[in-house]
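To start, the structure itself, in structure tokens.
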There are 2 protein chains.
Amino acid sequence: MSQDGVGIDLEASVGYALKEASSALRTAMEEVLRPLGMNVTHYSCLELLAQRPGLSNSELARGAFVTRQAMNVLLQTLERDGYVTRPDAAPVGRALPTRLTPRGRRRLEKASAAVRTVENRMLAGINDTEQALILRALRQMTQSLHETTGPTNP
Amino acid sequence: MSQDGVGIDLEASVGYALKEASSALRTAMEEVLRPLGMNVTHYSCLELLAQRPGLSNSELARGAFVTRQAMNVLLQTLERDGYVTRPDAAPVGRALPTRLTPRGRRRLEKASAAVRTVENRMLAGINDTEQALILRALRQMTQSLHETTGPTNP
DNA sequence: TGACTCATGTCAACAGTATGACATAGATTG
DNA sequence: CAATCTATGTCATACTGTTGACATGAGTCA
């Protein structure tokens, strides 16, 4: 169509649309989280801990799509401010299981409500069957990308 | 299902799946662009210029989802290295129309081919009708998020 | 047992990007 | 026409996250 011999047609590119949507989602989330003094990584960390208590620093990093070094400094802040706790010594191996404090849970509740409104707005014009289809497709895409990229890179 | 009273079920969240896919795409792109000495913003800038020559710094920034300040420093590098050119004075207003040099176009060709393989891999298990559906849905989601967020923020 | 591999936590240095601020050009409005 | 508003380019600064490196704990295998 508007192809020009070189390059990828951005208007028709699923990749570009994906980045567009993801960027809009991140911006919208940051907008509602800012008044609560949080950013997206912040929130992701607490949300992960609520659903899977005892996650280690490295596991949290993977779940929030940042490096374990970045998650480490975040956890130090969250721990200092009393939102999460980690044991002084590792019960097994080197992994320190992290848990939400009651204070952290209260903080998360506000943030989670805000994020939920964003996700609802995002999905406003899309019915349930379409949502299920999109979810399946996004998972498929993620898996395809990881297959020849991440774990076993020939 | 795995809902816990507080929080959003990450396993069932379209937002999380979106972030997952977007993160996997970015990682895969960075992997193939690194050998060429480029990153994603780098590539996005050149790709935008190939399709819409004469774009200004601010327009490029919006297209690549970064601030105009970030795009500005990138453009200075690209200009210094001879991949793009900008007139010394603005023909109208303050906007400086940017263009690819032949050298920049050659550079883009390599990068674009690499990125195309990534996008193809991502869409491997998804047929054309599904792709069209996803494209439509992603656009819809982006638009819904911008409606009450970006331009006119009540 | 000892050597190897792998994952983890953490430190230091670096890169990329965002935030804040300012001056300038054009459009809008009274 | 003058005042105001909006968009742009660019600087200086701060922050967030990445890359690179190291030591430690736990499995694996000969």
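Proteins come first, then strands; the chains are lettered A, B, ... in the order of their sequence lines, and each starts at number 1. A quick note: this is a predicted structure, and the numbers were derived from the prediction, not measured.
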Measuring from atom [atom1] of [X] to atom [atom2] of [Y], what distance do you get when rounded to the nearest 0.5 angstrom?
X: A:Leu46; Y: A:Arg106; atom1: CG; atom2: CZ; answer: 13.0 Å
X: A:Glu20; Y: A:Leu25; atom1: CD; atom2: CG; answer: 13.0 Å
X: B:Leu18; Y: B:Leu138; atom1: CG; atom2: CG; answer: 6.5 Å

Quiz item: Does any residue of residues 77-84 of chain B have a heavy atom under 4.0 Å from DNA chain D, and if so, which ones, in number order?
Solution: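 By residue number: none to list.
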Check whether any side-chain N or O of [X] sits under 3.5 Å from a backbone N or O of [Y] as a donor-acceptor pair, and report yes or no.
X: A:Arg103; Y: A:Asp81; value: yes
X: B:Thr98; Y: B:Leu55; value: yes
X: B:Ser56; Y: B:Pro97; value: no
X: B:Glu119; Y: A:Gly15; value: yes
X: B:Thr117; Y: B:Ala114; value: yes

Exercise. Give the angle between the helix axes at the two ends of the helix from C:dT1-D:dA30 to C:dG30-D:dC1, taking five base pairs at each end and rounding to 10°.
Key: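 Inter-axis angle at the ends, rounded: 30°.
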Quiz item: Can you list the residues that meet the ring-ring contact (aromatic ring centres under 6.0 Å, His included) rule with B:Phe65, with sequence neighbours excluded?
Solution: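 For B:Phe65, the residues satisfying ring-ring contact (aromatic ring centres under 6.0 Å, His included) (neighbours in sequence not counted) are A:Tyr16.
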Quiz item: For A:Arg34 and C:dA18, is the shortest distance between a side-chain N/O and OP1 or OP2 below 4.0 Å?
Solution: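 For C:dA18, OP1/OP2 do not have a side-chain N/O of A:Arg34 under 4.0 Å.
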Quiz item: Does a donor on one side chain sit under 3.5 Å from an acceptor on the other, for A:Thr85 and A:Glu79?
Solution: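 Distance-only check fails for A:Thr85 and A:Glu79.
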Quiz item: Any side-chain donor paired with an acceptor under 3.5 Å for B:Ser144 and B:Gln140?
Solution: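 Yes.
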Practice problem: Can you tell me which residue pairs pass the salt bridge (charged side-chain N to carboxylate O under 4.0 Å, His left out) test with a partner in residues 59-70 of chain B, sequence neighbours excluded? | Solution: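 Those involving residues 59-70 of chain B do not exist here.
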Quiz prompt | Footprint string (nucleotides 5-10 of chain D, 5' to 3'): B base within contact, S backbone only, - free, heavy atoms under 4.0 Å | solution = ---BBB
Close N/O contacts between protein and nucleotides 15-17 of chain C (under 3.5 Å):
from, atom 1, to, atom 2, distance (Å)
C:dT17, OP1, B:Thr41, OG1, 2.6

